[in-house]
Chemist: 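Can you keep this structure in mind? I'll have questions shortly.
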Amino acid sequence: MEEVVATRYVTPLREGGSLPGIVEADDLGTYVMKFTGAGQGRKTLVAEVICGQLARRLGLRVPELVAIRLDPVIGLSEPDQEVQELLKASGGLNLGMDFLPGSLGFDPLAYEVDPAEAGRVVWFDAVINNVDRSWRNPNMLVWHGDLWLIDHGATMIWHHNWPGAQTSAAKPYDASDHALAPFGPDIAAAAAELAPLVTRELLEGVAADVPDEWLVDEPGFTSTDEVRAAYVEALLPRAATIHERITLGPRTENRPQQPPGWLAERLAPRPHLTGRPADGAIEKDGTP
């Protein structure tokens, strides 16, 4: 990934639990920035890089990713104490996603997705085990008439428990609540097209984009290269066969399926650093 330097913090985006913000950088670009100091931690950024870069190399639309070097001094003039504390805790390398001005949140009533594209997205989400692209929270944007995928932090749950990674990565994927399930996704065609592209070399190249400082001191590993290899070993066999284990059934109407406790904690709104709820904080399902 290209590395840039943050020059100005513009405004927070108070959706979800990580409190991302819009920043300007020294390359004159504007980015949605996700912070190492946020409550979800650096593994969220690792997931964003691996899944985002994999999607882009498979021809899916994901905003360009960059590594953003942050000097916490740019937060000194911020009036919001929560933002100040977040910036202070996030000095060093963070993640930026190209800001798509004028983009709209995906609405299935306003935007039609053909079965081929729906199939590619559902298949990809099955590979990375994305539990956070449901009809309640699509995590997709429409920009210039095209569908763009965002927010891949709640993926690859196995990297929160590496000893059980192979078992976890072998599990099926329930796409019943997927935001694109109503569009008749052609999963078989997607697998035939995309699975052969997911080679060891491709995954190694994707994992190489993760900065070393987000991988150091991972329990059970002696080097950052070992951690990268673990991601490759989990994703490679899953990409080859996951299409055989994707379920498309009736969606859950009344309430979300309950995620594991550790995931529920990571998806919860980030508490205010002063001990009070952040003004305007929004739950993952969109309710205040």
Chemist: Between atom OH of Y9 and atom CG of L70, what is the distance when rounded to the nearest 0.5 Å?
Modeler: 10.0 Å
Chemist: As an exercise, state the distance from OG of S90 to CD of E85, rounded to the nearest 0.5 Å.
Modeler: 10.5 Å
Chemist: Determine whether L86 and V83 make a side-chain contact, defined as any pair of heavy atoms from C-beta on separated by less than 4.5 Å.
Modeler: no
Chemist: Please report the shortest heavy-atom distance between V66 and L95, naming the atom on each side.
Modeler: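 The pair with the smallest heavy-atom distance is O-CD1, 3.5 Å.
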Chemist: Report the C-alpha separation of E48 and M97 in whole Å, then their side-chain angles, then the decisive distance to 0.1 Å, and conclude whether the side-chain contact (heavy atoms from CB on, under 4.5 Å) test is met.
Modeler: CA-CA 10 Å; E48 292 279 9; M97 285 164 273; 4.2 Å; yes
Chemist: Tell me, do S176 and T247 make a side-chain contact under 4.5 Å, heavy atoms counted?
Modeler: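 Yes, their side chains come closer than 4.5 Å.
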Chemist: Quick check against the 3.5 Å criterion: does R245 have a side-chain atom that pairs as donor or acceptor with the backbone of A170?
Modeler: yes
Chemist: Do D132 and N137 have side chains that get closer than 4.5 Å, going by heavy atoms?
Modeler: yes
Chemist: As an exercise, state the distance from CZ of F99 to CH2 of W143, rounded to the nearest 0.5 Å.
Modeler: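 F99 atom CZ to W143 atom CH2 measures 10.0 Å (nearest 0.5 Å).
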Chemist: Would you mind telling me which of D125, N129, T155 makes a side-chain contact (heavy atoms from CB on, under 4.5 Å) with C51?
Modeler: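 Passing option: T155.
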Chemist: Treat each ILVMFWY residue as a node, draw an edge where side-chain heavy atoms are under 4.5 Å apart, and state whether F221 and L45 are in one component.
Modeler: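 Yes; L45 is reachable from F221 via cluster members.
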Chemist: Would the distance check show the side chain of E193 and the main-chain N or O of A189 forming a donor-acceptor pair, the cut-off being under 3.5 Å?
Modeler: no
Chemist: Looking at every heavy atom in both R238 and A169, which two are closest together, and how far apart are they?
Modeler: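 Looks like NH1-O, 2.6 Å.
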Chemist: Are F106 and W148 an aromatic pair, judged by ring center distance below 6.0 Å?
Modeler: no
Chemist: Under the criterion side-chain contact (heavy atoms from CB on, under 4.5 Å), I'd like the reasoning laid out for D27 against E2: C-alpha separation, chi angles, the key distance, then a yes or no.
Modeler: CA-CA 10 Å; D27 66 344; E2 180 184 358; 4.2 Å; yes
Chemist: With a 4.5 Å heavy-atom cut-off, do R61 and D146 have their side chains touching?
Modeler: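 With C-beta onward as the side chain, the pair touches.
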Chemist: Which heavy atom of Y31 sits nearest to which heavy atom of A25, and what is that distance?
Modeler: CE1-CB, 3.8 Å
Chemist: Just by distance, do the side chain of K43 and the backbone of H159 share a donor-acceptor pair under 3.5 Å?
Modeler: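 Yes, K43 side chain to H159 backbone: donor-acceptor pair under 3.5 Å.
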Chemist: Can you tell whether the side chains of R57 and D209 come within less than 4.0 Å, N to carboxylate O?
Modeler: yes
Chemist: Show the nearest heavy-atom pair for residues P196 and A191, with the distance to one decimal.
Modeler: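 Heavy atoms only, the tightest pair is CD-O, 3.5 Å.
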Chemist: Ignoring hydrogens and geometry, is there a side-chain-to-backbone donor-acceptor pair from R120 to A190 under 3.5 Å?
Modeler: no
Chemist: Can L235 be reached from V232 by stepping across I, L, V, M, F, W or Y side chains whose heavy atoms are under 4.5 Å apart?
Modeler: yes
Chemist: Within a strict 4.5 Å, meaning less than it, do heavy atoms of the K34 and N94 side chains meet?
Modeler: no
Chemist: Search all heavy atoms of R133 against all heavy atoms of F124 and return the closest pair with its distance.
Modeler: NH2-CE2, 4.2 Å
Chemist: What's the spacing between T7 OG1 and I74 CD1 if we round to 0.5 Å?
Modeler: 7.5 Å
Chemist: Report yes or no: do L100 and L13 belong to one cluster of Ile/Leu/Val/Met/Phe/Trp/Tyr joined by side chain heavy-atom distances under 4.5 Å?
Modeler: no
Chemist: Test your reading of the model: is there a side-chain donor-acceptor pair from W214 to the backbone of L93, 3.5 Å cut-off?
Modeler: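 Flag set: sc W214 to bb L93 pair under 3.5 Å.
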Chemist: Can you get from V73 to I68 by hopping between Ile, Leu, Val, Met, Phe, Trp and Tyr side chains that sit under 4.5 Å apart?
Modeler: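 Shared cluster, yes.
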Chemist: Using a 4.5 Å cut-off on heavy atoms from C-beta on, say whether the side chain of S168 contacts that of I157.
Modeler: yes
Chemist: Report yes or no: do H152 and N130 form a side-chain donor-acceptor pair below 3.5 Å?
Modeler: no
Chemist: Between D174 and R251, does a salt bridge (charged side-chain N to carboxylate O under 4.0 Å, His left out) hold up when you go through it step by step?
Modeler: CA-CA 10 Å; D174 188 350; R251 78 178 191 180; over 6 Å; no
Chemist: Is there a side-chain contact between R42 and E218 in this structure, where contact means two heavy atoms from C-beta onward sitting under 4.5 Å apart?
Modeler: yes
Chemist: If the test is side-chain contact (heavy atoms from CB on, under 4.5 Å), which one of I150, L147, L149 qualifies with L141?
Modeler: I150
Chemist: Check whether any side-chain heavy atom of H178 lies under 4.5 Å from a side-chain heavy atom of W135, and answer yes or no.
Modeler: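 They are not in side-chain contact.
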Chemist: What is the minimum heavy-atom distance between T30 and D98, and which atoms define it?
Modeler: O-OD1, 3.6 Å
Chemist: With a 4.5 Å cut-off on side-chain heavy-atom distances among I, L, V, M, F, W and Y, is there a chain of contacts connecting V206 to L197?
Modeler: yes
Chemist: Measure the spacing between CG of D212 and OG1 of T224 and express it to the nearest 0.5 Å.
Modeler: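 Result: 4.0 Å between the selected atoms.
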Chemist: Taking the six-membered ring for Trp, is the centroid-to-centroid distance between Y231 and W162 below 6.0 Å?
Modeler: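 For Y231 and W162, the ring centres are under 6.0 Å apart.
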Chemist: Roughly how far apart are I187 CD1 and I246 CD1, rounded to 0.5 Å?
Modeler: 4.5 Å
